[in-house]
Participant: 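Dropping the structure in here first, questions after.
Scope of the values below: all heavy atoms of this structure, side chains included, with no hydrogens, waters or symmetry mates.
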Amino acid sequence: MSRADFLLSLRAALVRATLGSMAALAVGAAHAQPGAAQTENRDRLVATNSCVGCDLTGVDLAGQNLLGADLQGADLSRADLRGAFLIGANLFKARLAGVDLSGAVIGGTVMSGADLHGSNLAGVNANRTSFTQANLSGVDFSGALMERADLEGANLHGANFKDADLYEARFLFADMADTNFLGANLHAADFSEAEVSGMQTDASTTCPDLKPGPCVFQ
């Protein structure tokens, strides 16, 4: 093969690879956008404040008032819920993987058994929210308000509670590894029977006994 033929062959291969990458990106973008069914379900939720078991993947609900909404078993994966109001909502066993709830108000919400792995809950107001038996692995709770939140039996592997307020929160039987509590307020939090060996605390952490960290658990 001549040098000219080789260069032409190489150029053709590069063009095919580029076109293939563009096609893959286009497919990924299409999957990231909600379809007609998801949009219809979103409209139904906004109109009735209920959408039990609905497919709401990727929908835009940023800033939406969903107080007391019934979303049991709904799939809200990758949905945009930034700044939404979900006080008293029912998200029992809902799927919320990769959802953005940053700055949302979800106090008193039921998220028991929900799957929130990899989600963004930075700055969320989750006082008295129930996360019992929820999958919270890799969730960002940095700067969150979580007074008296119930995280009993939750999976907290890799969760980030940096600077979060967890006054009187319950972590009974919770499973923690590489869980970040730097700068967090853990005053009066209950870690009974929890797996605490992987917790990260330091002098910026307020321990359950009000002493500065690193925290020591008996």
Participant: I'd like to check T109 versus R128 (side-chain heavy atoms, cut-off strictly below 4.5 Å). Are they in contact?
Facilitator: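 No. Closest side-chain heavy atoms not under 4.5 Å.
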Participant: Looking at K162, is its backbone amide N or carbonyl O close enough to the side chain of S142 to form a donor-acceptor pair, meaning the two atoms are under 3.5 Å apart?
Facilitator: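 Not confirmed, S142 side chain does not pair with K162 backbone.
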Participant: Run S112 and T132 through side-chain hydrogen bond (donor to acceptor under 3.5 Å, both in side chains) and show every step you take.
Facilitator: CA-CA 5 Å; S112 301; T132 59; 2.8 Å; yes
Participant: Of the non-hydrogen atoms in A104 and L81, which two are nearest, and what is the gap between them?
Facilitator: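 Smallest heavy-atom distance, with atoms named: CB-O, 3.7 Å.
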Participant: Is any side-chain heavy atom of R95 closer than 4.5 Å to a side-chain heavy atom of S77?
Facilitator: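 Yes. Closest side-chain heavy atoms under 4.5 Å.
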Participant: Can you tell me if S102 uses its side chain to pair, donor with acceptor, with the backbone of G83 under 3.5 Å?
Facilitator: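 Such a contact is absent between S102 side chain and G83 backbone.
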Participant: Count the heavy atoms of every other residue, nucleotide or ligand shown that sit under 6.0 Å from CZ of R148, and state whether that count exceeds 12.
Facilitator: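 Above 12, so yes.
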Participant: Using a 3.5 Å distance criterion without hydrogens, assess whether the side chain of S119 forms a donor-acceptor pair with backbone atoms of V99.
Facilitator: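 Yes: the side chain of S119 pairs with the backbone of V99.
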Participant: Can you pull out every disulfide bond (SG atoms under 2.5 Å apart) where at least one residue sits in residues 34-112? Sequence neighbours excluded, please.
Facilitator: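 Sorted result for residues 34-112: C51-C54.
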Participant: Let's go through L151 and L136 carefully: what are the C-alpha distance in whole Å and the side-chain angles of both, what is the deciding distance for side-chain contact (heavy atoms from CB on, under 4.5 Å) to 0.1 Å, and is it a yes or a no?
Facilitator: CA-CA 9 Å; L151 299 102; L136 304 173; 3.7 Å; yes
Participant: Transitively linked via ILVMFWY side-chain contacts under 4.5 Å: L67 with L91?
Facilitator: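 In one cluster: no.
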Participant: Taking C-beta and beyond as the side chain, do N120 and L101 meet within less than 4.5 Å on heavy atoms?
Facilitator: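 Result no, sub-4.5 Å side-chain heavy-atom pair not found.
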Participant: Drop me the distance from E152's CD to R170's CZ, to the nearest 0.5 angstrom.
Facilitator: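 If I round to the nearest 0.5 Å, the distance is 4.5 Å.
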Participant: Do you see a donor-acceptor pair shorter than 3.5 Å between the side chains of E147 and N127?
Facilitator: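 No pair is found: no donor N or O on one side chain lies under 3.5 Å from an acceptor on the other.
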Participant: For atom CZ of F191, decide whether the heavy atoms of other residues, nucleotides or ligands shown that lie under 6.0 angstrom number more than 12.
Facilitator: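 Enclosed: over 12 neighbouring heavy atoms sit under 6.0 Å from CZ of F191.
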Participant: If I take atom CG from residue N65 and atom CG from residue N49, how far apart are they, to the nearest 0.5 angstrom?
Facilitator: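 The distance works out to 7.5 Å.
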Participant: What I'd like to find out is whether the side chain of L56 reaches to under 4.5 Å of the side chain of R42, using heavy atoms alone.
Facilitator: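 In contact.
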Participant: Can you list every pair that meets side chain to side chain donor-acceptor pair (under 3.5 Å) and has a residue in residues 204-216, with sequence neighbours left out?
Facilitator: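 Side chain to side chain donor-acceptor pair (under 3.5 Å) check on residues 204-216 returns D202-S204.
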Participant: Would you indicate whether the side-chain heavy atoms of N90 and L71 approach each other to under 4.5 Å?
Facilitator: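 L71 does not reach N90 side chain to side chain.
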Participant: With sequence neighbours excluded, give me every disulfide bond (SG atoms under 2.5 Å apart) pair touching residues 123-208.
Facilitator: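 For residues 123-208: C207-C215.
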Participant: Heavy atoms, side chains only, cut-off 4.5 Å: are L121 and I106 in contact?
Facilitator: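 Sidechains of I106 and L121: in contact.
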Participant: List in chain and number order the residues that pass side-chain contact (heavy atoms from CB on, under 4.5 Å) with D178, two or more places apart in sequence or in another chain; answer none if no residue qualifies.
Facilitator: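 Here the qualifying residues are Q200.
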Participant: When rounded to the nearest 0.5 angstrom, what distance separates CG in D75 from CD in Q38?
Facilitator: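 Going from the CG atom of D75 to the CD atom of Q38 covers 9.0 Å.
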Participant: Taking all non-hydrogen atoms of both residues into account, name the closest pair between A126 and A149 and its distance.
Facilitator: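 Residues A126 and A149, closest heavy atoms: O-CB, 3.9 Å.
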Participant: Answer yes or no: is there a side-chain heavy-atom contact under 4.5 Å between E195 and M176?
Facilitator: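 Contact flag for E195/M176 side chains = no.
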Participant: Taking all atoms of both residues into account, what is the closest heavy-atom pair of Q72 and V52, and its distance?
Facilitator: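 Minimum heavy-atom contact is O-CG1, 3.4 Å.
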Participant: For the hydrophobic clusters of this structure (ILVMFWY residues joined by side-chain heavy atoms under 4.5 Å, transitively), does one cluster hold both L76 and V46?
Facilitator: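 Shared cluster, yes.
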Participant: Drop me the distance from L86's CG to L66's CG, to the nearest 0.5 angstrom.
Facilitator: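 Here the rounded value is 5.0 Å.
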Participant: Pairs in or reaching into residues 133-170: which pass ring-ring contact (aromatic ring centres under 6.0 Å, His included), with residues at least two apart or in two chains?
Facilitator: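 For residues 133-170: F131-F141, F141-F161, F161-F181, Y167-H187.
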Participant: For a side-chain hydrogen bond (donor to acceptor under 3.5 Å, both in side chains) check, start with the C-alpha distance between D175 and N155, then their side-chain angles and the critical distance, and finish with the verdict.
Facilitator: CA-CA 5 Å; D175 192 2; N155 175 3; over 6 Å; no
Participant: Among residues at least two apart in sequence or on other chains, which ones pass side chain to side chain donor-acceptor pair (under 3.5 Å) with N41?
Facilitator: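 Side chain to side chain donor-acceptor pair (under 3.5 Å) list for N41, sorted by chain: empty.
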Participant: Could you give me the CA-CA distance, side-chain angles and deciding distance for L61 and R82, then say whether side-chain contact (heavy atoms from CB on, under 4.5 Å) is met?
Facilitator: CA-CA 7 Å; L61 291 163; R82 290 173 296 171; over 6 Å; no
Participant: Quick check for you: to the nearest 0.5 Å, what is the distance between E168 atom CD and M146 atom CE?
Facilitator: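 Answer rounded to 0.5 Å: 14.5 Å.
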Participant: State plainly whether one hydrophobic cluster holds both L166 and F217, where clusters connect Ile, Leu, Val, Met, Phe, Trp and Tyr through side-chain heavy atoms under 4.5 angstrom apart.
Facilitator: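 In one cluster: yes.
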Participant: Could you tell me the separation between the CZ atom of F92 and the OG atom of S130, rounded to the nearest 0.5 Å?
Facilitator: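 Here the interatomic distance stands at 9.5 Å.
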Participant: Is there a side-chain contact between L156 and V139, using heavy atoms and a 4.5 Å cut-off?
Facilitator: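 Of all side-chain heavy-atom pairs linking V139 with L156, none is under 4.5 Å.
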